[in-house]
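One structure is given here, and the rest of the page talks about it.
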Amino acid sequence: MTEAKSPKATGEHDSTPSAALTVEESRDVEKRKSGTAKVVHEVVRLQGDEELDRPAISLALSGVAAGTAITASVFGTAALGMRLGHDVGSELISGLGYCIGFIIVILGKLQLFTESTITAVLPLAHNPNWHNLARLARLWLIVLTANLAGTFVVAAGISHGGIASPELLAEIRLMAAHLMAPAPLTILLSGVPAGFLVAAIAWVLPSARGSEFWVIGIITYLISICGFSHIIASSTEVWVAVLCGDASAWAGINGVILPALLGNIIGGTGLFALLAHGQVKAEL
């Protein structure tokens, strides 16, 4: 008679709950198991595939809404900075205001360009072909344009529409001057970790299980206090500087927006998305 061998004896991995547990307890174990990297990859990839298939008008309207909502980060940071001052301790607190717009946009499922540097890229990484590349280019173009249009409209309201008090406007202009002071290469390099971290939010959220608020808040707070460049949030300050005559459109676009865009793409797609896909490619 052949003896049954245990998983340990055969070198196999036993992924089933212990027989000593009741059926109800075994179900509790299954509920609490963390998803594997493959599962997370598939969740994010399928989400990206759905986004790539959305109608252009849906992407555009969602993108404008995201661009408008992300300006809450600028308002929050400026309002706290205006009241607290600009010493190191105060800046740590005012950085909390930066999280507000991202929480609205991400929990509201609005189309934010930097999130799409991973979600919309995974379908292409999984199945590289010209069709998927064209779908990605279409989504990026629509969403990026819509996001920047949304921030521009709000910036116009801040600069000339009276939606910000003179004190708040002065603070936002001060933030814009600080943002635009570094060289374009410096802004590009600081955009890399920002792109990486926002892509990390999209990767972590499927496993957050009710902690989405804290995941978004902690990661975006880190972006703020480190001074990393996020193209969409930063564009609000750039547009305000341009519309108020503090900077030329060329300086704003060529000096901040394009370098931040390239840095975010490198960090979100070149690093995070490809590494996230690469870790499970052999298992798929």
Side-chain angles (χ1 to χ4, degrees), residues 60-82 86 91 94-106 108 110-116 143-182 184 187-188 190-191 194-195 197-198 216 220-221 223-264:
L61 292 176
S62 182
V64 171
T68 303
I70 203 73
T71 61
S73 292
V74 177
F75 281 115
T77 305
L80 289 171
M82 180 178 67
H86 300 95
E91 288 179 354
S94 62
L96 293 170
Y98 189 79
C99 310
I100 298 172
F102 287 91
I103 291 171
I104 296 171
V105 169
I106 297 174
L110 302 177
Q111 288 287 345
L112 185 64
F113 174 79
T114 43
E115 268 197 294
S116 67
V143 172
L144 177 61
T145 303
N147 285 171
L148 294 177
T151 59
F152 183 87
V153 169
V154 176
I158 294 171
S159 304
H160 302 293
I163 66 173
S165 67
E167 296 79 13
L168 189 60
L169 173 58
E171 183 67 24
I172 294 174
R173 291 175 72 175
L174 186 64
M175 289 167 51
H178 178 74
L179 169 70
M180 300 180 69
I187 293 175
L188 186 154
S190 70
L197 289 170
V198 174
I216 301 166
T220 53
Y221 178 67
I223 294 173
S224 175
I225 62 173
C226 290
F228 296 146
S229 302
H230 182 273
I231 177 180
I232 308 303
S234 297
S235 68
T236 306
E237 298 158 68
V238 171
W239 298 139
V240 168
V242 171
L243 292 170
C244 288
D246 299 332
S248 67
W250 172 260
I253 295 172
N254 194 56
V256 178
I257 290 180
L258 291 180
L261 171 63
L262 183 56
N264 289 172

Problem set entry | Residue list, side-chain hydrogen bond (donor to acceptor under 3.5 Å, both in side chains) with S229, at least two apart or on another chain | S190

Heavy-atom side-chain contact between [X] and [Y] under 4.5 Å:
X	Y	result
L179	V256	yes
I231	L144	yes
H230	L112	yes
V198	N264	no
S235	N147	no
V64	V153	no
L169	V240	yes

Sequence neighbours excluded, every pair satisfying salt bridge (Lys or Arg N to Asp or Glu O under 4.0 Å) that has a member inside [range]:
range	value
residues 252-261	none
residues 150-166	none
residues 60-75	none

For this session: Scan residues 144-174 for pairs that pass ring pair (Phe, Tyr, Trp, His ring centres under 6.0 Å), counting only residues two or more places apart or in two chains.
Result: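 Every pair satisfying ring pair (Phe, Tyr, Trp, His ring centres under 6.0 Å) with a residue in residues 144-174: F152-W239.
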
According to side-chain contact (heavy atoms from CB on, under 4.5 Å), who are the partners of [X], at least two apart in sequence or on a separate chain?
X	value
T71	F75, T151, V154, T236
H86	E91, E171, L174
P182	T186, I187
L197	I219, L222, I223, F228

Problem set entry | Residue pairs involving residues 242-258 (criterion side chain to side chain donor-acceptor pair (under 3.5 Å); sequence neighbours excluded) |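 Applying side chain to side chain donor-acceptor pair (under 3.5 Å) to every pair that reaches into residues 242-258, excluding sequence neighbours, yields R173-D246.
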
So, for [X] and [Y], which heavy atoms are closest and what is the spacing to 0.1 Å?
X	Y	answer
A241	M180	CB-SD, 3.8 Å
A146	A60	CB-O, 3.3 Å
A69	L110	CB-CD1, 4.3 Å
L168	A78	CD1-CB, 3.7 Å
G67	I232	CA-CG2, 4.5 Å

Problem set entry | All ring-ring contact (aromatic ring centres under 6.0 Å, His included) counterparts of Y98, not counting sequence neighbours |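 ring-ring contact (aromatic ring centres under 6.0 Å, His included) check on Y98 returns F102.
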
Exercise. Listed by chain and number, what are the ring-ring contact (aromatic ring centres under 6.0 Å, His included) partners of F113, not counting sequence neighbours?
Worked result: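 Counting only residues at least two positions away or on another chain, F113 forms a ring-ring contact (aromatic ring centres under 6.0 Å, His included) with W140.
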
For this session: State the OG1-CD1 distance between T220 and I100, to the nearest 0.5 angstrom.
Result: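 CD1 of I100 is found 10.0 Å from OG1 of T220.
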
For this session: Could you tell me the separation between the CD1 atom of I106 and the SG atom of C99, rounded to the nearest 0.5 Å?
Result: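 That separation rounds to 10.5 Å.
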
Exercise. Has the side chain of S73 got a donor or acceptor atom that lies under 3.5 Å from a matching backbone atom of G101?
Worked result: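 Side chain of S73 to backbone of G101: a pair is present.
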
